[in-house]
Amino acid sequence: QVQLVESGGGLVQAGGSLRLACAASGRTFSSYSMGWFRQAPGKEREFVTGISWSGSSTRYADSVKGRFTISRDNSKNTMYLQMSSLKPEDTAVYYCAASRIPVVATTSSAFGSWGQGTQVTVSS
């Protein structure tokens, strides 16, 4: 198992930007595909974006395409989520997750390790 810690959340106005980071412990970070999920109050956790172990393959939810960018730096055991043109509906707790599946998964059941989450609040 890999331990994950998110950072970078906060309060931002609509149209603004934030960058989240997910730091992983252990020496096997590069063997995991990674993902970001989010959960808004009263809603189910949903897939936001994912990235393969090498970073060569990514997937995005339709709701964030063109606004969010996922990346990773395996030398730093860290994954990032650059969020731009933020909307109030992006308000949620954002979680990073790690998966042993060798493709970019989009379902939460494919991910075995989760961070504690970081709050993102977008004001209108």
Side-chain angles (χ1 to χ4, degrees):
Q1 294 283 358
V2 61
Q3 276 68 53
L4 305 172
V5 178
E6 303 95 337
S7 62
L11 174 64
V12 63
Q13 289 187 332
S17 299
L18 277 177
R19 189 175 82 154
L20 306 183
C22 173
S25 63
R27 295 175 289 179
T28 60
F29 174 71
S30 60
S31 66
Y32 289 85
S33 60
M34 300 292 295
W36 287 99
F37 288 75
R38 67 187 181 186
Q39 187 167 19
K43 296 187 177 181
E44 293 188 353
R45 188 173 299 187
E46 65 174 358
F47 171 80
V48 176
T49 179
I51 189 167
S52 61
W53 67 271
S54 67
S56 62
S57 179
T58 59
R59 297 184 69 176
Y60 293 90
D62 289 343
S63 59
V64 306
K65 279 182 182 176
R67 300 188 299 121
F68 290 12
T69 302
I70 189 172
S71 62
R72 66 189 296 165
D73 186 339
N74 288 342
S75 69
K76 296 182 179 179
N77 282 8
T78 303
M79 173 179 66
Y80 303 97
L81 180 62
Q82 178 66 48
M83 304 185 293
S84 303
S85 301
L86 283 161
K87 305 175 181 180
E89 51 263 43
D90 294 318
T91 295
V93 177
Y94 283 71
Y95 299 89
C96 68
S99 172
R100 284 290 197 181
I101 295 177
V103 296
V104 182
T106 61
T107 56
S108 58
S109 60
F111 292 82
S113 298
W114 292 82
Q116 82 289 349
T118 185
Q119 177 70 47
V120 172
T121 303
V122 184
S123 63
S124 58

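With rounding to the nearest 0.5 angstrom, the CD atom of Q119 is 7.0 Å from the OG1 atom of T91. With rounding to the nearest 0.5 Å, the separation of CE in M34 from CG in L81 is 11.5 Å. Atoms OG and CD, from S25 and Q1 in turn, are 10.0 Å apart once rounded to the nearest 0.5 Å.
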All N/O donor-acceptor pairs, side-chain side in residues 7-24, below 3.5 Å, sequence neighbours left out:
none

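Summarising the geometry of S30 relative to R72, their closest heavy-atom pair is CA-NH2, 4.0 Å, with the distance given to 0.1 Å.
Between the S113 side chain and the A98 main chain, no donor and acceptor come within less than 3.5 Å of each other. Put simply, the side chain of E6 gets close to the backbone of Q116: a donor and an acceptor are under 3.5 Å apart. The main-chain N or O of I70 is found under 3.5 Å from a side-chain atom of Y60 such that the two form a donor-acceptor pair.
Residues V93 and F47 are members of one and the same hydrophobic cluster, defined by side-chain heavy-atom contacts under 4.5 angstrom among Ile, Leu, Val, Met, Phe, Trp and Tyr. One hydrophobic cluster holds both I51 and F29 under the rule that ILVMFWY side chains link at heavy-atom gaps under 4.5 Å. W53 and Y80 sit in two unconnected hydrophobic clusters of ILVMFWY residues. Membership requires side-chain heavy atoms under 4.5 Å apart, directly or through other members. Cluster annotation: W36 and F68 are assigned to the same hydrophobic cluster (Ile/Leu/Val/Met/Phe/Trp/Tyr, side-chain heavy-atom contacts under 4.5 Å, transitive). Tracing side-chain contacts under 4.5 Å through hydrophobic residues (I, L, V, M, F, W, Y), one reaches V122 starting from V48; they form part of the same cluster.
Every residue two or more places apart in sequence or in another chain that forms a side chain to side chain donor-acceptor pair (under 3.5 Å) with S56 is listed here: S54. With sequence neighbours excluded, the residues forming a side-chain contact (heavy atoms from CB on, under 4.5 Å) with S33 are S99, listed by chain and number. The side chain to side chain donor-acceptor pair (under 3.5 Å) check on T28 picks up nothing, with sequence neighbours excluded.
D90 and K87 are not joined by a salt bridge, as no carboxylate oxygen comes within less than 4.0 angstrom of a charged side-chain nitrogen.
Judged as a ring pair (Phe, Tyr, Trp, His ring centres under 6.0 Å), the pairs with a partner in residues 92-124 (not counting sequence neighbours) are, in order, F37-F111, F37-W114. Residue pairs meeting the salt bridge (charged side-chain N to carboxylate O under 4.0 Å, His left out) criterion with at least one member in residues 43-61, sequence neighbours excluded: R38-E46.
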